[in-house]
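See structure below.
Below, all heavy atoms of this structure are taken into account, side chains as well, without hydrogens, waters or symmetry copies.
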Amino acid sequence: EPAPGVSDAPRYGTGGTLEFDRMGGKWRGNVGGRWESGKLDINDMGYLQAPDEIDNYAWVQRRFNPEGKSKLYNSANLNFNWNKSWMYAGRTGYDATTGLPVWHYSAGHPQYLATNINGSMQFKNFRSAYFGVLFNDWGHHRYETRGGPIISEPLTYGGWIGGNTDSRKDLNFGSEINWNKDVAKNVSLDLTSTVNWNQSSAVNHSISLGYHNRFDDTQYLDQRPVSIYGGQGIGGISYIFGEIHQQTASLTLRSSVLFSRNQSLEVYAEPFLTVGKYRRARELARPDSYDFVNYEGFNVDQNGVQTTPYDYRDNDFTYSSVNVNVVYRWQYRPGSTFFLVWKQSRERFEDRSMFPTDPNSFQNGLGTRTL
């Protein structure tokens, strides 16, 4: 444990993974678990995505290989995935003014339970299809408040379905639909379509078009001291969330030219546009809950005087970008390669108030939501 007032004191923690696998036969799968203690800090040794948690998981697959006996398909599989996680260490939050404890969770606090069933099949004509359905139970998120108390996340369900034409042909296509919804009526929809053209054995191109549409009533906005800005707060701090409708469109283009075994050229370009519209601001009412109250705080001028009510529309945004990469590769002798890279990027971000609406309704692109 670091000594009081010494930020560079050593931290000691543990982490590890234990897994058992079966990767042969018609029935395959694995079961395992991992942990990272709250004090684990590996720094330059590697990348640690989410420390301070315990996680266990299982996967079971049934493979169907008729060995040419089926008149319908070449191969197929069906999978079941299960994942459960807990927070490794406990934590206590203190009042920003008095220093007294105001919230606490113990070691081993439940975090997530996620499950899904998915499968795929390749038909006799070498076209393929796949699907999946998911169920995620109520969870608890400790990063959503950016260092504040944990917040609950609603039970979520959804699924996806997609398919591809024969990849052996010079021109082939693929598409996918992904849809998720939770019991708080937050919803997201993703559409993706891809075209691949193998112009020759040395030249190929692909174009992928994506569209994402989501409505989320807990998009993080800010955290503010109650003593300055007003509001209800938890331990003197208001954790503010907004209801957002965000739409995103992207187009990805790739081309690859193989001049010889030792020389190639790859070109990548992606125009990207996303628009976010906020409806109202609310603050977390209680730790470890999905309970909110309308945020009644104010903006403050340079003299520290409360002025206008907090306006959620100030967070409306539009972001657009274009990224282009060109990479030339030359392997001038075995084991020695020269790369010439050219990159061009353009982006624009702006805050704005868009699409004036009745304050009691919200057009979320998937239907009108009235609150």
Side-chain angles (χ1 to χ4, degrees), residues 49-50 59 77-83 112-122 127-139 141 143-144 153-165 167 172-197 205-220 241-254 268-279 315-323 347 349 354-355 362-369:
Q49 182 177 5
W59 163 66
N77 63 74
L78 186 66
N79 305 277
F80 172 75
N81 294 280
W82 181 87
N83 180 273
Y112 295 110
L113 171 62
T115 63
N116 73 73
I117 297 174
N118 66 84
S120 63
M121 177 179 290
Q122 184 187 77
R127 296 181 179 181
S128 61
Y130 56 90
F131 79 97
V133 292
L134 65 85
F135 174 87
N136 300 336
D137 200 2
W138 277 88
H141 201 306
Y143 301 117
E144 195 73 14
E153 290 195 347
L155 181 150
T156 302
Y157 53 91
W160 63 93
I161 187 170
N164 300 281
T165 61
S167 61
N172 57 82
F173 307 87
S175 61
E176 180 179 319
I177 299 175
N178 193 313
W179 178 84
N180 294 297
K181 188 175 183 179
D182 65 30
V183 293
K185 299 183 180 179
N186 299 311
V187 62
S188 68
L189 174 69
D190 289 273
L191 305 173
T192 306
S193 293
T194 302
V195 179
N196 299 300
W197 177 31
H205 316 276
S206 71
I207 300 176
S208 180
L209 178 63
Y211 172 73
H212 176 64
N213 188 6
R214 76 180 180 106
F215 175 84
D216 187 351
D217 65 358
T218 51
Q219 176 66 45
Y220 177 83
F241 298 83
E243 297 179 344
I244 189 174
H245 174 214
Q246 183 178 8
Q247 299 182 82
T248 303
S250 63
L251 179 66
T252 304
L253 304 97
R254 300 178 186 269
Y268 167 88
E270 183 189 37
F272 177 89
L273 173 65
T274 185
V275 178
K277 161 67 178 167
Y278 286 91
R279 181 185 172 274
N315 295 279
D316 292 351
F317 64 89
T318 299
Y319 174 78
S320 58
S321 69
V322 177
N323 296 308
E347 63 180 11
F349 177 83
M354 301 172 297
F355 319 130
F362 188 89
Q363 184 68 33
N364 68 9
L366 302 175
T368 300
R369 175 184 171 96

Using the side chain to side chain contact (heavy atoms under 4.5 Å, CB included) definition, which of the options Arg279, Lys277, Glu243 pairs with Phe215?
Glu243
Between OG1 on residue Thr274 and OH on residue Tyr319, distance to nearest 0.5 Å
10.0 Å
Could you walk me through whether Asn77 and Asn79 pass side chain to side chain donor-acceptor pair (under 3.5 Å), step by step?
CA-CA 7 Å; Asn77 63 74; Asn79 305 277; 2.8 Å; yes
Heavy-atom closest pair (Asp316 atom, Tyr278 atom, distance to 0.1 Å) is OD1-N, 2.7 Å
Rounded distance [0.5 Å steps], CG in Leu78 versus OG in Ser120:
9.0 Å
Pairing residues for Asp216 by the salt bridge (Lys or Arg N to Asp or Glu O under 4.0 Å) criterion, not counting sequence neighbours
Arg214
Distance in Å, Arg127 CZ paired with Met121 CE, rounded so as to fall on 0.5 Å steps:
15.5 Å
Looking only at heavy atoms, the pair that brings Leu209 and Ser250 closest together is CD1-O, 3.4 Å
Applying side-chain contact (heavy atoms from CB on, under 4.5 Å) to Trp160 and Asp190, what does each step give before you reach the verdict?
CA-CA 9 Å; Trp160 63 93; Asp190 289 273; over 6 Å; no
Restricting to side-chain contact (heavy atoms from CB on, under 4.5 Å), what partner residues turn up for Tyr157, sequence neighbours left out?
Leu155, Trp179, Lys181
Any side-chain heavy atom of Leu273 sitting closer than 4.5 Å to one from Gln247?
no
Can you tell me how far the CG atom of Leu189 sits from the OH atom of Tyr211, to the nearest 0.5 Å?
7.0 Å
Can you tell me how far the NZ atom of Lys185 sits from the CG atom of Asp217, to the nearest 0.5 Å?
11.0 Å
How would you list, by chain and number, every residue that makes a side-chain contact (heavy atoms from CB on, under 4.5 Å) with Ser175, sequence neighbours excluded?
Ser193
Would you please name every residue forming a side-chain hydrogen bond (donor to acceptor under 3.5 Å, both in side chains) with Tyr220, sequence neighbours left out?
Gln223
Under the ring pair (Phe, Tyr, Trp, His ring centres under 6.0 Å) test, residues paired with His205 that sit two or more places apart:
Trp197
With Asn178 via side-chain hydrogen bond (donor to acceptor under 3.5 Å, both in side chains) - residues at least two apart
Asn180
Distance-only donor-acceptor hits, side chain of residues 129-138, under 3.5 Å, sequence neighbours excluded:
from: Tyr130; atom 1: OH; to: Glu176; atom 2: OE1; distance (Å): 2.9

By side-chain hydrogen bond (donor to acceptor under 3.5 Å, both in side chains), Gln122 pairs with (sequence neighbours left out) Asn74
For Ser188 and Asn186, indicate whether the former's side chain and the latter's backbone hold a donor-acceptor pair under 3.5 Å.
no
Suppose we screen for side-chain hydrogen bond (donor to acceptor under 3.5 Å, both in side chains). Which residues come up paired with Thr192, at least two apart in sequence or across chains?
none
By side-chain contact (heavy atoms from CB on, under 4.5 Å), Asn196 pairs with (sequence neighbours left out) Asn172, Thr194, Ser206
Distance in Å, Asn164 CG paired with Phe173 CZ, rounded so as to fall on 0.5 Å steps:
11.5 Å
Set of side-chain contact (heavy atoms from CB on, under 4.5 Å) partners for Leu253, sequence neighbours left out
Ile207, Leu251, Ala269, Pro271
Answer yes or no: is there a side-chain heavy-atom contact under 4.5 Å between Phe272 and Asn323?
no
